[in-house]
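Since we're looking at a predicted model, the values are computed, not measured. Residue numbering restarts at 1 for every chain, and letters A, B, ... go by the order of the sequence lines.
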2 protein chains.
Amino acid sequence: MDLDPRKKEVLHAIVDDYVSTFEPVGSKSLIERHGFDVSSATLRNEMADLEHMGFLEKPHTSAGRIPSDKGYREYVDSLMKVEPLSRKEQAKIEENIKASVGELGDLIKSAADTLSQATGFVSLTCSPRLKKSYLTQLKILMIEPGKALVVVVLSAGVVKDKLVRIPNFITDKQIYDISNAIEKNITGKPLDEITLITVSSALKGGSDIPDSLLNQVLYEAYAAIKQADRMDVYLEGSHRMLSLPDFSSMGRATQLLGSLADDGMVAGYLNEMEAQDKSNQDSYMIRIGQEITLEGFDDCSFITTTYNMGDGVQGNIGVIGPKRMEYSKVISQIDFVKKNLDEQIKIINE
Amino acid sequence: MDLDPRKKEVLHAIVDDYVSTFEPVGSKSLIERHGFDVSSATLRNEMADLEHMGFLEKPHTSAGRIPSDKGYREYVDSLMKVEPLSRKEQAKIEENIKASVGELGDLIKSAADTLSQATGFVSLTCSPRLKKSYLTQLKILMIEPGKALVVVVLSAGVVKDKLVRIPNFITDKQIYDISNAIEKNITGKPLDEITLITVSSALKGGSDIPDSLLNQVLYEAYAAIKQADRMDVYLEGSHRMLSLPDFSSMGRATQLLGSLADDGMVAGYLNEMEAQDKSNQDSYMIRIGQEITLEGFDDCSFITTTYNMGDGVQGNIGVIGPKRMEYSKVISQIDFVKKNLDEQIKIINE
DNA sequence: TTTGGCACTCGATGAGTGAGAGTGCTAATT
DNA sequence: AATTAGCACTCTCACTCATCGAGTGCCAAA
């Protein structure tokens, strides 16, 4: 399975060339650009070998070669070297991210925007899965008769809330009591162990509210808690894909943007990816071309990593770009954005 | 300025034809499709007149005519008849909107999605301008030391909140007192009359917290209040524009989607439109082609109307589509969605 | 194992062509 | 004065055809 050193060099060169020119690379231009010390015929033979092994493809009988998915995979796994960004690029990213003010949500959005702008591709962020995080506070706040705000505070300082309807004549005081009772009941429990029964237990009968009404409130509180682990996916910069030569055909572009519009689908796939790569947590997840099992992403690659919100709570951040991309550069861009994001989150959380 | 009846008929027919075929319409096909009782030569004369008057344009010397912006404007203002949707379409829209559960935000999103799907264009919603609505409640909720949630309740039952940082050693009780004091101070005031001074007045010195710390809390509360009237624009279905023949050239499509990606720009323009049309509140605002002063929307039209959240608080909902659209149909679609949305909002608010 | 040489393939480019749809104008008709 | 028939003209679109150039595969020689 391992390639001899020259084949590696050739594959490396071809990927580099193809990525930067977007044109099938032929034996001759390969010699011109890289200083190979052999004739074009020799390279042709090597290239034919690489093709048989599945690392290269020919678009037409008589065109140069382009990397196959397997070729990109080999490149990513063992050929490329990730080099750090230039000072300039670093500065730009830092500046952008630091410019965002205030809330966590804004910060993450800002990181995504920055990443999309830096790469020129679509950036993707996904809020952390919170199933395993535990509940530290639950408050129900009366807004007006019949309406209340349920505030759920989770470990890692995540705050979610939901506006709910409650029976009209429940009073401020009653809500306050219910809220305290629920809180006492489930504080410290991981989110995915909380059920409607856990929420309600040891609560009924203890107050002056009829069970049927109490149940309604309990249910709403429960729903609010459950909703807290809703995964929010944010895709930014889809329109940038249109400017890429890779998607200059209307058909491909339409299909891609259509798929990107369905962020639920992307979220689902992210989950799947994470399940597969559970081992190398904290590192990069990369999917190239047809490795992506979603419709319409044949010419794309996903690269994601995780950002940290403390207490082991992690979200995803990454890029969806053409599979013909400068992997090493994009990876270091993601990496740098991630680091900045982690830092800023730490600052927000103290 | 008014056209004689036959010219009106001709313009009407041309717009109809062009909208449905997307091909410049010529004198002959006009006779075939519509039962004009004159010869093609007569129509040619009429068409030449209409062109001189600015209602029609020729893409090339020897092609049929297409409506100019002015032509569409005339069509929209005085020629077309808005007809109600078919039962089927109505049912579909109703179903979609009713399927959305729970919160106001979800409901509006759902309305936008429905509208985009129904029209095949981009739908646009904009949260209400809240400057004129008044504050009914303000609560500050301690989340953990150094972190609090400011909940702002406005008239019409709008609830906004913001997570803020506060000095570490401020206690639950202190926050509670501050919160009450502020609330007492500014309840009932319109949002745009609230200043940092209003928030702070009559508060300092009354507590055991040093002024500098108190100021920090007050500022955060103030910022949370001010943020409540942030206009949220939501654009849905940009990708659908790619399927339209109007944007089948990559250049136009790229430009359009690029402009659509900047929702701040759209929000700003909406504001502008509203200022212009202040008179006919509650009705439709329509901008056609170059009437839109934004870059990149030359081939588009905006149609928006308002939805009601009670207490005179209104948001915008509408469509951005190709100017070559079935105006009467799209208007009734928007109208129907708006009606359903209004209804559902009423239900949510009781 | 490498290399030079050669025949072959295939896509891109550009020119030329004819068909088709539509126009504007003029002169005759109503 | 309005309408119509007729005709020359214009312009796009689709099609064909030839050519060019980059690249390949393979064979025989080094």
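In this structure, B:Leu43 places its CG atom 15 Å from C1' of C:dG24, rounding to the nearest Å. The interatomic distance linking B:Leu50 (CG) with C:dG24 (P) rounds to 12 Å, in whole Å. Atoms CG (B:Leu56) and P (C:dG22) sit 14 Å apart, rounded to a whole Å. Atom pair A:Phe22:CZ and C:dA12:P shows a separation of 12 Å (rounding to whole Å applied). In this structure, A:His60 places its NE2 atom 10 Å from P of C:dC10, rounding to the nearest Å. Atom pair B:Ile14:CD1 and C:dG22:C1' shows a separation of 13 Å (rounding to whole Å applied). Nucleotide D:dA22 holds its C1' atom 16 Å from the OH atom of A:Tyr18, rounded to whole Å. Going from atom CZ of A:Arg6 over to atom C1' of C:dT3 covers 12 Å, rounded to whole Å.
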- Item | Nucleotide-resolved protein contact map, nucleotides 25-30 of chain D, B/S/- at heavy-atom distance under 4.0 Å | BB----
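Under 4.0 angstrom from either OP1 or OP2 of C:dG22 there lies no side-chain N or O belonging to B:Ser27. Contact between the side-chain N/O atoms of A:Ser39 and the OP1/OP2 oxygens of C:dT2 is not found at any separation under 4.0 Å. Note on B:Ser62: every side-chain N or O is 4.0 Å or more away from OP1 and OP2 of D:dT12.
Side-chain contact annotation: A:Tyr234 with A:Glu236, donor-acceptor N/O pair under 3.5 Å present. For the residue pair A:Arg240/A:Ser116, the side-chain donor-acceptor check at 3.5 Å is satisfied. Side chains of A:Glu32 and A:Ser29: no donor on one and acceptor on the other come within 3.5 Å. Side chains of A:Gln117 and A:Thr114: a donor-acceptor N/O pair is absent below 3.5 angstrom, by distance only.
Between its two ends, the helix from C:dT1-D:dA30 to C:dT30-D:dA1 turns its axis by 20°, counting five pairs per end and rounding to 10 degrees.
Cation-pi geometry between B:Lys323 and B:Tyr72 is not met: the NZ or CZ atom fails to fall both under 6.0 Å from the ring centre and inside 45° of the normal.
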- Before giving the answer on salt bridge (Lys or Arg N to Asp or Glu O under 4.0 Å), spell out for B:Glu83 and B:Lys329 the whole-Å C-alpha distance, their side-chain angles and the decisive distance to 0.1 Å. CA-CA 7 Å; B:Glu83 345 149 343; B:Lys329 183 167 182 187; over 6 Å; no
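Here the two rings, on A:Phe297 and A:Phe302, have centers that are under 6.0 Å apart.
Looking at A:Ile66, A:Val19, A:Leu56 one by one, the single match for side-chain contact (heavy atoms from CB on, under 4.5 Å) with A:Ile14 turns out to be A:Leu56.
Within the nucleic acid shown, A:Ser40 has no heavy atom closer than 4.0 Å to any nucleic acid atom.
For the pair A:Met80 and A:Ser328, the tightest heavy-atom approach, listed with the atom from each and the gap, is SD-N, 3.8 Å.
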